[in-house]
Each structure stands twice: as C-alpha cells, then as structure tokens.
Amino acid sequence: MSLIKSADDIKALRKGGKFLAETLEYARTLCIPGATLLDIDKAVDAKIRSYGCTPSFLGYEGFPNATCLSLNAEVVHGIPDRRTLKEGDILGVDAGLWYDGRCVDGAVTVPVGTVSEDVTRLLKETERILMLGIAAAKPFRRVGTISSTVQHAAEAENLGIVRALTGHGVGHHVHEDPEVPNYGHANDGMLLRPGMVIAIEPMLTLGKGDVYTEVDGWTVTTADGTLSAQFEHTVLITQRGAEILTRV
C-alpha cells in the first residue's frame, strides 16, 4: 500500500468518485417520509452495482450492509433496518465503493421533508465546514491544517465536534493512513504530499460532541441525544490544492 497514488490509481479513483457522487445524489431522492432504511440500503446497493462496482462497506470488518444509515442522534455506522423515515428526521448516508481495485468514500446528511431552523443550520454549516477543510488541504501543509480549520469553524458556530472519530486515507483500502481529525493544531500530523488521497469528514452535533457505541457494536450515537450531521468527500492532493473526487 502506497500513500502516494499512481497515475493508474488516480484515473480509477476519479472514475469511482464520479460513480459514488452520482450514487449519493440518488440516495438523497430516497430519503422521504415512509421510506424504510433497509429499502434505502438495498436501492443504494443496486445503484452501486449498476456501475459495475461493489459496495466497499459490505462485509468490511463484518459490517452487514452496503451503506451506513445513521438516523437523527446517530452519528455514523448505523445499520440499516426496518425503521421508517418521518417528516422532520435527518438521515446520514455514508457509502463507499470499489472500482477497478480502488475505493472511494463519501457521505451526506439529508433532511426528510421539512426540518427545524436549528437542524437546517446544522446541515448547512457542517457541509460548509467540510468545504473549508478541503480548501485547507494543500500540498506540503500538515494534516493538522485541515483539522484546525474544521475545529475553529465548528466552534465559531457553537457546534459540537465528535472527537472520537476521524477522517482517513483511502484508495487501496477502506481506511488507510493518515488519520484526519476534526480538531487539532496546524503543525500536527502527517505532511500532505501530491498524490495522497484522503477522506475529509466533519461530524458535528447540536450538543457537546460526546458519543457512545450502541449494543450492536457499530452505531455511534451522541451521548446527550442531540442531532448529528456528517458530510464527507474523497479528495486528491495535487500540486495546487485538493481535487474533490466525489463531486457530481
């Protein structure tokens, strides 16, 4: 496994990233009142396979589904089940896929029908902060530049930062080095170099950001029961900055 991806790797990751971006946009349309999580998972699985790809989460360390679907106070790694979406819910959709032996990762959090002003702000700001983190991902800076950018922006909006979970390298494996925390100092962490591929994924809450893992061993939930949002892109570090691979 190389942290610096080859030209062939990058070509495949760009193609896989396009497929995943389209899949996540499709997933947004499925998040409507009355839909069940299991039905959404099955539809996303089928969409991934329609491109000739395979879901990278399915079977990963024993995970049983193609997607992580995290409802309301669930932060990440929610296992799809027969729960039904209702007006005012939010659903985190986290998915990955393998294309030509390389994998990409991405996530969106989707409002179900009409949500409150606070929830709208949570979703809007979490996605905006992701883009700030991506803008900070420049070659020959430290990973901590991303981390500190996300932290300061989240704190300015009085949003809780989930510190127990991080972004990560991706490409040859679902999770690779380096870890990409959502807090820290600009001079912390690995040096970013052209050819590195990382998944940047702020996970923010309307509360304090403390979490626990449910008895299923996967689902991570806010300790104070407040709502949580996650947005994620896979990005390539280039000579000039970061290229988003999972953008439509």
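Closest approach of Ala229 to Leu123, counting heavy atoms only: CB-CD2, 3.8 Å. Residue Ile146 comes nearest to Ala137 through the heavy atom pair CD1-CB, 3.7 Å, listed as atom of the first residue, atom of the second, then distance. Residues Leu20 and Gly106 approach most closely at CD2-N, 3.4 Å, considering heavy atoms. The minimum heavy-atom distance linking Ser70 with Gly78 is given by the pair OG-N, 3.2 Å. Minimum heavy-atom separation, Ala27 to Cys31: O-SG, 3.4 Å. Closest approach of Leu30 to Ala43, counting heavy atoms only: CD1-CB, 3.7 Å.
Considering only residues two or more places apart in sequence or on other chains, Ser6 meets the side chain to side chain contact (heavy atoms under 4.5 Å, CB included) condition with Asp8, Asp9. By the side chain to side chain contact (heavy atoms under 4.5 Å, CB included) test, Asp210 pairs with Lys208, Ala223, sequence neighbours left out. Taking the salt bridge (charged side-chain N to carboxylate O under 4.0 Å, His left out) definition, one finds that Asp100 meets it with Arg102, sequence neighbours left out. Taking Thr36 as the reference, Asp39 meet the side chain to side chain donor-acceptor pair (under 3.5 Å) condition, with sequence neighbours excluded. Not counting sequence neighbours, the partners of Glu243 by the salt bridge (charged side-chain N to carboxylate O under 4.0 Å, His left out) test are Arg14.
Residue pairs meeting the side-chain hydrogen bond (donor to acceptor under 3.5 Å, both in side chains) criterion with at least one member in residues 41-59, sequence neighbours excluded: Glu22-Tyr51, Asp41-Asn65, Asp41-Thr67, Asp45-Arg49. Residue pairs meeting the side-chain hydrogen bond (donor to acceptor under 3.5 Å, both in side chains) criterion with at least one member in residues 126-144, sequence neighbours excluded, are Glu125-Arg128. Applying the salt bridge (Lys or Arg N to Asp or Glu O under 4.0 Å) test to residues at least two apart or on different chains, the pairs with a partner in residues 61-83 are Glu74-Arg83, Asp81-Arg83. Applying the ring-ring contact (aromatic ring centres under 6.0 Å, His included) test to residues at least two apart or on different chains, the pairs with a partner in residues 191-230 are Phe63-Trp218.
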Donor-acceptor list for residues 90-99 side chains, cut-off 3.5 Å, not counting sequence neighbours:
| from | atom 1 | to | atom 2 | distance (Å) |
| --- | --- | --- | --- | --- |
| Asp94 | OD2 | Gln230 | NE2 | 3.4 |

Solution key, residues 155-163 side-chain donor-acceptor pairs under 3.5 Å, sequence neighbours excluded:
| from | atom 1 | to | atom 2 | distance (Å) |
| --- | --- | --- | --- | --- |
| Glu155 | OE2 | Gln151 | NE2 | 3.1 |

When the side chains of residues 181-197 are checked against the rest of the protein, which donor-acceptor pairs come out under 3.5 Å, sequence neighbours left out?
| from | atom 1 | to | atom 2 | distance (Å) |
| --- | --- | --- | --- | --- |
| Asn182 | ND2 | Glu201 | O | 3.1 |
| Asp188 | OD2 | His185 | N | 3.1 |

Output, in order, the C-alpha distance, side-chain angles, deciding distance and verdict of side chain to side chain contact (heavy atoms under 4.5 Å, CB included) for Val75 and Thr221. CA-CA 5 Å; Val75 181; Thr221 301; 5.8 Å; no

Checking Leu130 against Ile200 for the side chain to side chain contact (heavy atoms under 4.5 Å, CB included) test, could you report, in this order, the C-alpha distance in whole Å, the side-chain angles of both residues, the deciding distance, and whether it holds? CA-CA 7 Å; Leu130 166 62; Ile200 302 174; 3.8 Å; yes

Can Ile32 and Leu85 be said to form a side chain to side chain contact (heavy atoms under 4.5 Å, CB included), step by step? CA-CA 7 Å; Ile32 59 175; Leu85 296 179; over 6 Å; no

Evaluate Val108 against Phe231 for side chain to side chain contact (heavy atoms under 4.5 Å, CB included), listing each step before the verdict. CA-CA 5 Å; Val108 295; Phe231 286 86; 4.1 Å; yes

Set out, in order, the CA-CA distance, both residues' side-chain angles and the distance that settles side chain to side chain donor-acceptor pair (under 3.5 Å) for Ser116 and Asp118, then state yes or no. CA-CA 5 Å; Ser116 70; Asp118 277 350; 5.5 Å; no

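If you run side chain to side chain contact (heavy atoms under 4.5 Å, CB included) between Leu69 and each of Leu37, Thr219, Leu38, only Leu37 comes through. Here the rule is side chain to side chain contact (heavy atoms under 4.5 Å, CB included) with Val180, and of Val150, Val235, Val143 only Val143 fits it.
The structure places CZ of Phe140 at 10.5 Å from CD1 of Ile237, a figure rounded to the nearest 0.5 Å. Atom CD1 of residue Ile198 and atom OG1 of residue Thr234 lie 9.5 Å apart, to the nearest 0.5 angstrom. Taking OG1 of Thr222 as the start and CG of Leu204 as the end, the distance is 12.5 Å to the nearest 0.5 Å. Between the CZ atom in Phe19 and the CG atom in Leu24 there is a gap of 14.0 Å [rounded to 0.5 Å].
Considering only heavy atoms from C-beta on, His175 comes within 4.5 Å of His168 through its side chain. Side-chain contact between Cys68 and Val76 is absent, with no heavy atoms from C-beta onward closer than 4.5 Å. Annotation: side chain of Lys86 is not in contact with side chain of Pro33 (no heavy-atom distance under 4.5 Å). No side-chain heavy atom of Leu236 sits under 4.5 Å from any side-chain heavy atom of Leu13. Contact annotation: the side chain of Leu245 never approaches that of His233 to less than 4.5 Å [non-hydrogen atoms, C-beta and beyond]. Pro111 is not listed as a side-chain neighbour of Val119, based on a closest heavy-atom distance of 4.5 Å or more. When side chains are defined from C-beta on, Asp177 counts as touching Leu3, because their heavy atoms get closer than 4.5 Å. In this structure the side chain of Val170 never reaches within 4.5 angstrom of the side chain of Val174, judged on heavy atoms.
No donor-acceptor distance shorter than 3.5 angstrom exists from the side chain of Thr149 to the backbone of Leu132, with no hydrogens or angles considered.
Following chains of ILVMFWY side-chain contacts shorter than 4.5 Å, one cannot reach Val220 starting from Ile79, and the two form parts of different hydrophobic clusters. Taking hydrophobic clusters as Ile, Leu, Val, Met, Phe, Trp and Tyr residues chained together by side-chain heavy-atom distances below 4.5 Å, Leu58 does not share a cluster with Ile48.
Taking 4.0 Å as the cut-off between side-chain N and carboxylate O, Lys5 and Glu176 count as a salt-bridged pair.
Side chain to side chain, Asp216 and His77 fail the donor-acceptor criterion of an N or O pair below 3.5 Å.
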